[in-house]
Amino acid sequence: MKATGIVRRIDELGRVVIPKEIRRTLRIREGDPLELFTDRDELMLKKYSPIASVERFAEGTAKSLNEQSGYLAAICDNDVILSAAGGGKKNIVGKTVSEKVTEVMLSRRSYLASKAESGEVFPVVAEEGGEFTAQIIVPIVSNGDCLGAVILLSAEEGAVMEGSAVKLARLTADIIANQFE
């Protein structure tokens with residue numbers, strides 16, 4: 001653990017304010033659930049990710065999605081690419097999702113783009129994560145909350161995501177969302 005040097009007092013209702021700089025760095029937004037952990041005299045807060053709790057399921061799902069679609073398949077929560085399968089997975093697994101992917105998730109609408117059709121294919125991760133020519137991003141929505149996304153990516157020149165891949169990504173997102181209902 002890294003000390004920040006910031007000290008906050010608990011108010012009469014047991015609340016403590018997390019400074020804006022820390023919230024921004026950790027991508028904590030209003031309404032985000034936090035999980036509490038204790039160890040002797042220490043209290044730790046961790047951003048709660050329901051999808052991370054089914055990480056093994058997500059790994060198997062990404063592998064199946066890759067095998068069925070032939071594309072690089074990834075599953076993320078609202079912050080990080082949790083699992084991926086296919087060529088180029090090492091470039092994105094464990095990395096923070098880009099602001100554009102976050103916008104798609106917050107909109108709760110699927111996004112499909114191909115450079116071959118003059119669409120805007122944007123970075124999937126905030127750091128360098130490979131150059132893609134086509135993408136599908138389908139938010140995972142359960143009980144009105146966006147829990148993450150299913151992502152299909154292609155780096156092939158002139159790639160266009162066909163309708164069957166879109167349906168497969170949507171089906172996968174629905175199956176994962178149903179795990180939380």
Side-chain angles (χ1 to χ4, degrees), residues 1-63 65 73-85 89-111 122-130 135-153 169-170 172-181:
M1 244 185 323
K2 188 167 72 173
T4 63
I6 301 170
V7 176
R8 293 285 193 242
R9 295 203 181 274
I10 296 177
D11 71 11
E12 66 277 356
L13 295 177
R15 297 176 297 199
V16 64
V17 174
I18 301 170
K20 190 175 193 172
E21 302 79 33
I22 293 175
R23 291 193 319 263
R24 185 179 302 125
T25 301
L26 298 177
R27 297 177 58 137
I28 298 172
R29 293 179 293 276
E30 183 179 330
D32 283 351
L34 298 176
E35 195 168 8
L36 304 170
F37 297 91
T38 60
D39 183 22
R40 288 186 282 263
D41 64 343
E42 293 181 339
L43 172 66
M44 289 179 43
L45 297 173
K46 182 180 177 194
K47 196 167 176 188
Y48 177 69
S49 169
I51 291 184
S53 68
V54 291
E55 195 163 350
R56 265 201 158 141
F57 178 74
E59 287 173 8
T61 303
K63 184 178 178 194
L65 186 56
I75 297 174
C76 67
D77 64 9
N78 289 323
D79 296 309
V80 175
I81 305 288
L82 298 172
S83 59
K89 74 177 185 178
K90 291 179 182 174
N91 294 331
I92 62 172
V93 171
K95 294 189 177 174
T96 304
V97 297
S98 69
E99 287 298 321
K100 290 284 196 174
V101 171
T102 299
E103 288 173 21
V104 170
M105 289 189 287
L106 290 174
S107 76
R108 291 169 174 70
R109 299 183 63 112
S110 299
Y111 183 80
F122 43 76
V124 174
V125 293
E127 309 90 49
E128 183 67 31
Q135 66 189 175
I136 299 170
I137 302 169
V138 180
I140 301 167
V141 179
S142 177
N143 297 318
D145 294 327
C146 182
L147 306 177
V150 172
I151 303 170
L152 289 178
L153 300 162
R170 286 188 176 143
T172 303
D174 286 346
I175 290 170
I176 294 171
N178 285 331
Q179 298 295 310
F180 300 99
E181 290 183 358

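Counting from 1, the numbers follow the sequence of the chain as shown.
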Indicate yes or no: at least one non-hydrogen side-chain atom of [X] is less than 4.5 angstrom from one of [Y].
| X | Y | value |
| --- | --- | --- |
| L34 | I28 | yes |
| D79 | T96 | no |
| Q135 | V101 | no |
| I92 | I151 | no |
| L45 | I18 | yes |

Among V80, V124, V125, exactly one meets side chain to side chain contact (heavy atoms under 4.5 Å, CB included) together with K95. Which residue is that? V125
List the residues meeting side-chain hydrogen bond (donor to acceptor under 3.5 Å, both in side chains) with D77, not counting sequence neighbours, and say none if there are none. S49
Partner set under side-chain contact (heavy atoms from CB on, under 4.5 Å) for [X], not counting sequence neighbours:
| X | answer |
| --- | --- |
| I6 | T4, R8, P19, I22 |
| A177 | I140, S142 |
| R170 | S110, V138, V166 |
| V104 | Y111, F122, I137, P139 |

Ignoring hydrogens, what is the shortest heavy-atom contact between [X] and [Y]? Give both atom names and the distance.
| X | Y | result |
| --- | --- | --- |
| A58 | S83 | O-OG, 3.3 Å |
| C146 | R108 | N-NH2, 3.5 Å |
| I75 | A62 | CD1-N, 3.8 Å |

With rounding to the nearest 0.5 angstrom, report the [atom1] to [atom2] distance, [X] to [Y].
| X | Y | atom1 | atom2 | answer |
| --- | --- | --- | --- | --- |
| N91 | I81 | CG | CD1 | 11.5 Å |
| L152 | T172 | CG | OG1 | 7.5 Å |
| T61 | I176 | OG1 | CD1 | 5.0 Å |
| L147 | Q179 | CG | CD | 11.5 Å |
| M44 | T38 | CE | OG1 | 10.5 Å |
| N78 | M105 | CG | CE | 5.0 Å |

What pairs with [X] under salt bridge (Lys or Arg N to Asp or Glu O under 4.0 Å), at least two apart in sequence or on another chain?
| X | value |
| --- | --- |
| D11 | R15 |
| E99 | R27 |
| K100 | E120 |
| D32 | K47 |

Between R23 (side chain only) and E21 (backbone N and O only), is there a donor and an acceptor less than 3.5 Å apart? no
Check: P123 main-chain N/O paired with S98 side-chain donor or acceptor under 3.5 Å: yes
Mind checking ring pair (Phe, Tyr, Trp, His ring centres under 6.0 Å) for F57 and listing every partner two or more places apart, or none if nothing turns up? none
